[in-house]
Amino acid sequence: MKNTTSNKSLPLSPEGVESFLASHWVEGIGPAYAKRLVEQFGADALRILSEEPSKAEVVPGLGESRVATASESLKKIPYPIDTLAFLFSCGLSDMFIERILDKYKKRAPKILATDPYSMVEDVWQLSFFTADKIGRQLGIEKNDPRRLQGALVTAVKRYAEDGHLFATPEEATKLTADITGATPEEVAAQIEPVVESGRLVNSRGGLYLPVFYKAEKEGAAKLSELASTSIEPVKIEDIPTTDNNGHTYTRTQLEAIQKALNSPVMVLTGGPGTGKTTVLKGIIETLEKQGKKVILAAPTGRAAKRMTMLTGRHAMTIHRLLGYIQGHGYSNRKIDADALIIDEGSMMEQVLFNHLLQALKPGTRVLLVGDVDQLPAIGAGDVLRDMIDSKAVPIAHLDENFRQTEGSMIASGARAINSGEIPSSDPERDFMIIPEPSVKKIHDRIISLMTEELPKSHGISPMDIQVVTPQQIGPLGARQLNIDLQNKLNPDSPALRRGGTVMRLGDPVMQTANSRERGVYNGEMGHITKVDPEEQWLEVTYSDGHTSKYQRTELSELVLAYATTVHKLQGSEVKYMIFPITMAHKPMLYRNLLYTGVSRASNLCVLVGEEEALRYAVGNSPATTRNSNFKHRLNQRTDSSQE
């Protein structure tokens with residue numbers, strides 16, 4: 001079927017037509033001839049080349065053969081060519097043009113012509129500002145309802161990207177006015193229509209994207225249903241006073257185990273060194289002795305592996321438990337367990353938690369374990385904090401610091417940071433603070449600590465030391481530190497190169513994406529143990545002994561891991577840590593980030609940096625409350641029929 005221009009409602013610009021004709025979509029033209037065609041025919045050049053190609057032969061140098069090639073290639077394009085040219089006229093990138101066409105296919109011209117702002121919900125990562133390029137090309141006014149409603153959806157999305165389940169109408173109105181240049185009154189008038197259209201939900205004083213409203217409402221209803229399950233009470237006298245290894249529980253630990261056994265839903269919380277793992281193991285052992293089927297899970301692969309190591313039982317990621325497949329969603333909608341125990345609950349986001357809850361059969365016990373003072377989930381929601389604040393489910397809060405009594409200063413340092421105090425330091429113990437006055441001196445000291453000081457004073461290999469930093473970018477960010485540490489510690493080993501990436505034999509590396517085929521998940525760390533420069537592949541051995549082979553074209557799945565960020569480390573543990581702290585990282589210097597980082601070290605933690613930055617981070621604890629009604633819905637035992 002001939003692919004011709006026909007959509008008169010999509011205005012083309014000469015510049016857009018020229019860009020399209022010069023693009024990879026059209027064979028035989030290129031930038032020089034595209035320019036000549038448009039100089040000759042203006043925006044009509046596309047129609048000429050498609051419908052009357054012989055006329056294009058008058059363009060100097062083009063010729064019959066080249067014109068024929070271009071005209072035939074236009075016929076083979078599986079989309080309306082005027083739609084493509086229109087998107088080029090709007091100044092969109094190839095990536096977004098292809099995403100729009102892949103999403104809407106034959107409906108693309110109608111969507112573009114009637115309401116391009118609806119694409120902010122449908123097209124992955126397409127922003128309001130990209131949609132607004134299309135709107136401007138169509139001549140849509142700044143106060144047009146379509147534009148304002150699209151911006152309202154974008155404003156609520158912005159709040160979700162910052163972890164909030166909703167934006168208040170006032171928040172959404174202000175941000176939308178800032179985005180669009182419209183008045184707050186003009187924006188406010190569009191709230192009711194955008195809600196009536198179903199693009200947003202107005203509930204309990206908040207404007208929600210439908211996916212988050214559904215997750216919050218359904219999750220609260222299902223959790224309340226599970227929490228109402230009747231359980232035969234267990235007396236504390238009937239609980240073994242020691243674990244399977246002969247360790248004797250304290251009275252507080254026994255009471256926490258008893259509370260968990262008597263609660264269909266419970267939260268177990270506490271800081272580092274307070275015995276969460278001991279209590280968790282006691283709960284698991286007792287449930288197993290009762291003949292219960294217990295499933296262990298965590299939000300990330302690293303957290304699941306750590307849970308496996310600490311409990312001696314298999315744990316998996318929540319995504320794997322739910323049978324998540326990229327692009328296809330969750331395949332496992334029924335989890336057969338008597339009890340589900342989730343570790344690292346502070347990382348739990350609302351939508352994932354709801355998927356998990358909906359897969360549980362009635363009567364399944366749920367135990368959420370975590371430290372509420374650590375960094376919250378990257379996604380929207382604050383499940384652990386909301387469950388604690390709701391007081392709708394029992395909470396076992398452990399606060400006795402066992403590591404401190406055993407001589408560990410790491411746990412006491414983390415507790416001091418969490419309390420807003422500067423932690424104590426001792427160069428002879430496991431927690432040190434080394435002052436350095438500048439980024440350059442901090443950088444050089446890290447290199448010295450890694451290569452000389454700590455190996456000499458503590459007898460440890462540089463490859464066992466983990467640098468943990470607040471952010472990716474900058475001279476003390478993970479990217480630059482990885483390059484510098486690789487050059488210092490491992491400059492000459494056999495290597496593979498792909499673009500700017502160099503991976504050498506012996507390098508520590510981190511997997512950056514979930515891969516069911518490899519059995520390796522985002523955040524897992526290992527070392528490169530084989531490199532074949534001739535055949536262009538390398539092999540990584542992970543901490544559990546599992547190996548995986550990577551072709552050169554697959555190196556984008558890996559990053560160097562001499563240094564990593566606090567967010568990447570969350571949910572796992574390292575023995576020996578160096579943590580740079582500088583005012584250059586000021587946007588990331590929050591108390592909970594520093595606390596999270598320090599609490600991930602088990603044997604040694606060294607803070608290196610500016611005293612001003614340490615004081616700033618310890619004192620910088622702004623309100624971390626996220627917009628959420630989950631705790632209120634839990635409090636009121638919301639059922640699925642209520643709003």
Side-chain angles (χ1 to χ4, degrees), residues 163 219 223 253 256-257 259-260 263 265-284 294-311 315-319 321 339-354 356-357 365-401 403 411 414-415 417-418 523 566-573 591-593 595-600 602 624-626 628 630-631 634:
L223 197 62
Q253 290 172 337
I257 294 170
K259 183 178 284 189
S263 305
V265 176
M266 194 188 88
V267 171
L268 174 64
T269 188
T274 55
K276 292 193 300 295
T277 300
T278 299
V279 171
L280 177 58
K281 289 170 69 176
I283 293 166
I284 295 169
V294 183
I295 289 181
L296 309 183
T300 67
R302 295 184 73 180
K305 287 205 169 183
R306 181 169 179 264
M307 193 180 191
T308 297
M309 180 187 71
L310 293 174
T311 64
M316 67 184 83
T317 65
I318 296 169
H319 283 88
L321 178 61
L340 173 67
I341 300 177
I342 308 158
D343 200 9
E344 296 296 343
S346 64
M347 301 173 72
M348 179 65 70
E349 58 189 66
Q350 195 76 45
V351 171
L352 181 61
F353 190 50
N354 183 48
L356 185 60
L357 291 175
R365 301 186 188 194
V366 176
L367 174 63
L368 198 62
V369 184
D371 182 352
V372 75
D373 293 317
Q374 292 199 30
L375 290 170
I378 293 175
D382 201 353
V383 169
L384 183 66
R385 187 182 300 276
D386 280 347
M387 287 179 65
I388 292 172
D389 290 347
S390 74
K391 298 181 174 60
V393 299
I395 312 295
H397 191 166
L398 305 177
D399 55 13
E400 184 179 357
N401 194 333
R403 289 188 205 166
R415 287 165 68 92
I417 291 167
N418 200 33
V566 178
H567 283 91
K568 281 289 188 181
L569 189 67
Q570 194 173 4
S572 61
E573 187 174 86
R591 181 187 299 170
N592 62 352
L593 181 135
Y595 168 75
T596 300
V598 169
S599 66
R600 299 294 88 187
S602 62
T624 54
T625 303
R626 293 180 167 188
S628 167
F630 188 53
K631 61 186 174 185
L634 282 176

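When a residue number appears, it is its place in the shown sequence, counting from 1. Here the structure is a predicted model, which means the values were calculated and not measured.
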Pairs in or reaching into residues 267-284: which pass salt bridge (charged side-chain N to carboxylate O under 4.0 Å, His left out), with residues at least two apart or in two chains?
none
Non-neighbouring partners of Ala260 that pass side chain to side chain contact (heavy atoms under 4.5 Å, CB included), sequence neighbours left out
Met266, Ile283
When rounded to the nearest 0.5 Å, the distance separating CG of Leu634 from NZ of Lys391 is 12.5 Å
Backbone N or O of Ala298 within a donor-acceptor pair of the Asp343 side chain at under 3.5 Å?
no
Could you work out, with side chain to side chain donor-acceptor pair (under 3.5 Å) as the rule, every residue matching Thr269, not counting sequence neighbours?
none
Please check: side-chain N/O of Lys631 versus main-chain N/O of Ile388, any donor-acceptor pairing under 3.5 Å?
no
Tell me, please, which residues at least two apart from Ser572 pass side chain to side chain donor-acceptor pair (under 3.5 Å).
Arg302
Calculate, to the nearest 0.5 Å, the distance between atoms OG and CZ belonging to Ser599 and Arg415 respectively.
12.5 Å
Closest approach of Gly219 and Phe630, non-hydrogen atoms and distance?
C-CE1, 3.8 Å
By the salt bridge (charged side-chain N to carboxylate O under 4.0 Å, His left out) test, which pairs, at least two apart or in different chains, include something from residues 367-388?
Asp382-Arg385
Any idea which heavy atoms bring Ala411 and Pro272 closest together, and the distance?
CB-O, 3.9 Å
Met316 and Leu321 have their tightest heavy-atom pair at SD-CA, 3.6 Å
In the structure I gave you, are the side-chain heavy atoms of Val279 and Lys259 within less than 4.5 Å of one another anywhere?
no
Closest approach of Arg626 and Gly381, non-hydrogen atoms and distance?
NH1-O, 2.8 Å
To the nearest 0.5 Å, how far apart are CZ in Arg591 and OG1 in Thr596?
12.0 Å
If I take atom CG from residue Asp389 and atom CG from residue Leu384, how far apart are they, to the nearest 0.5 angstrom?
9.5 Å
So CD1 of Ile342 and CZ of Phe353: to nearest 0.5 Å the spacing works out to 5.5 Å
Taking only residues two or more places apart in sequence, or in another chain, which ones meet Arg365 in a salt bridge (Lys or Arg N to Asp or Glu O under 4.0 Å)?
none
Atom of Ala297, atom of Ile318 and distance for their closest heavy-atom approach
CB-CG1, 4.0 Å
Pair Ile395-Met387, side-chain contact (heavy atoms from CB on, under 4.5 Å): steps then yes or no
CA-CA 9 Å; Ile395 312 295; Met387 287 179 65; 5.6 Å; no
Value for NZ (Lys305) from CG (Leu310), rounded to nearest 0.5 Å, stands at 14.0 Å
Heavy-atom side-chain proximity of Val393 to Leu368 below 4.5 angstrom
no
Please name the pair of heavy atoms, one in Ser346 and one in Gln570, separated by the smallest distance, quoted to 0.1 Å.
OG-NE2, 3.7 Å
Assess whether a salt bridge exists between Glu344 and Arg600, defined as any Lys/Arg side-chain N lying under 4.0 Å from an Asp/Glu carboxylate O.
yes
Can you list the residues that meet the side chain to side chain contact (heavy atoms under 4.5 Å, CB included) rule with Leu280, with sequence neighbours excluded?
Ile284, Met307, Thr311, Ile341, Leu367, Val369
